[in-house]
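Below is one structure, written out as structure tokens; comments come after it.
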Amino acid sequence: MASALIPTTWPFDSRLLPETACVVGGSVRDALLKRQADYLDLDFVLPDGAVAIASAIARRYQAGFVVLDADNQIARAVFDQATIDFAQQVGPTLETDLQRRDFTINAIAYHPQSDRLIDPLNGMADLQQQTLRMVSRENLAEDPLRLLRAYRQAAQLGFTIDSNTRRTIHELAPLLQTIAAERIRHELDALLSQPKGATCFRMAWQDGLFTTWLPHLSEQHAKQLAALDKALATLPNIPGYLTLLHGWKDTVPAGHYRSWVKAARLSRLLPLDEEAANRWLNRLKYSRSEGQAIFRVIQTQPYLERLVVQGYLSRADQFFLFKTAGTSFPAVSLVALSMGVPTATVAELVRRYQTADDPIAHPTPLVSGKDLMQGLGLSSGPHIGQLLSAIENAQASGQLTHGDEALVWAQQWFKEYNMQR
């Protein structure tokens, strides 16, 4: 396993670095906490020549290379199992650079040439005390996204936010309205993807960090999020279910936070009104695909409320629950558990979903509009859509199971339709 504190595990020879180069930031923090990761993410600070050195290393190892910020001399080299950022030192000394960082635990540097830690802000002590403490009020105000990042890192590490730091965050919270929606969404996603994300989200909400971006939030939303976490802690023992919940409908690009757990959490924070929910998803700049996936969870709410009251759903209701949920069903199942739907009931629905040929969870349309027009000699028009809908309802209730009988049934339906006109 590669480590920020073990140069021999890096994807390049550390002797290619200048004498003064240091590793800084989260990778040093995580190494000290013995937090292991399959993918190495290193940040180097160099007094000068950062872009040139990054380019030379990338070229030597045929790694990917990109200049992130030419003015501030920041570049990146991308290896198969590591991303290495090289940045120009801010200020005349390394200590000055570290003084500009967000929290003390992220202001520890490692000097590979001497195998020495440099800790001018006592970040090591805060690591031992599991405390997130700001370097300064000015640093937080300089980039207000750091206010939200505090709660994400607290959730990620299981740390407590220092009381003075939390008080300062609360005072600076209005500054978040100046941050681009894409950056807010990324931190929100990261927070909601952490195991302890719900608890820290509630703290962030109480401290006013979502007043601008999610002003409709209430105590009820916080309770729904807590109920979801409780459901996660007591999942039914179904093979593959946990993996399903932490998966997504397609490949997740590096650096993105997408899972059905996060989708379920986010769905509990949005308004149930279709127009309002879509408005907030658009405002936070979610992609159309991800927004639709999250909105599908909200659309199943009437079926889940029926399950809570009745304890079961008819065959037809199950059919349309699965149709409404689509690939978002894993998130829907978690929301159902959080609402108090009996575990055995949810488990049965999950098993249906996991069975690829289940006629209720994964039905195949019995006929198409083209089949109806060719088989019954019908012309196109609104009646075709009405007929397809009627066939689907009959399929949902179990009246129809094959295409041939669907055509016979459709012929009778169309006769009755014409008689009523």
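Numbers for residues simply follow the sequence, beginning at 1.
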Could you tell me which non-hydrogen atom of [X] sits nearest to which non-hydrogen atom of [Y], and how far apart they are?
{"X": "R265", "Y": "D229", "value": "NH2-OD1, 2.8 Å"}
{"X": "P11", "Y": "A82", "value": "CG-CB, 3.8 Å"}
{"X": "S379", "Y": "M373", "value": "C-SD, 4.0 Å"}
{"X": "R137", "Y": "L172", "value": "NH2-CD2, 3.8 Å"}
{"X": "R352", "Y": "D358", "value": "NH1-OD2, 2.8 Å"}

query = Side chain of T324, backbone of F320: donor and acceptor closer than 3.5 Å?
reply = yes

Between [X] and [Y], do the side chains contain an N or O donor and an N or O acceptor separated by less than 3.5 Å?
{"X": "D317", "Y": "Y312", "answer": "no"}
{"X": "D189", "Y": "Y286", "answer": "yes"}
{"X": "R29", "Y": "N106", "answer": "yes"}
{"X": "R279", "Y": "N282", "answer": "no"}
{"X": "Q399", "Y": "S397", "answer": "yes"}
{"X": "S314", "Y": "Q318", "answer": "no"}
{"X": "D126", "Y": "T104", "answer": "yes"}
{"X": "S328", "Y": "K249", "answer": "no"}

task = Please work out which of the three classes, parallel, tilted or perpendicular, describes the rings of H221 and H216, given edges at 30° and 60°.
result = perpendicular

inquiry  = Can you tell me how the ring of W10 sits relative to the ring of Y110, calling it parallel under 30°, perpendicular over 60° and tilted otherwise?
reply    = perpendicular

key: Listed partners of R149 passing salt bridge (charged side-chain N to carboxylate O under 4.0 Å, His left out), at least two apart   = E187

query = Do the ring centers of H362 and F322 come within less than 6.0 Å of each other?
reply = no

remark   = Distance col, row Q194:CD vs T199:OG1, nearest 0.5 angstrom, shows 12.0 Å

Donor-acceptor pairs under 3.5 angstrom involving side-chain atoms of residues 64-78: please list them, not counting sequence neighbours.
{"from": "D69", "atom 1": "OD1", "to": "D71", "atom 2": "N", "distance (Å)": "3.1"}
{"from": "D69", "atom 1": "OD1", "to": "N72", "atom 2": "N", "distance (Å)": "3.0"}
{"from": "D69", "atom 1": "OD2", "to": "N72", "atom 2": "ND2", "distance (Å)": "2.8"}
{"from": "R76", "atom 1": "NE", "to": "D85", "atom 2": "OD1", "distance (Å)": "2.6"}
{"from": "R76", "atom 1": "NH2", "to": "D85", "atom 2": "OD2", "distance (Å)": "3.0"}

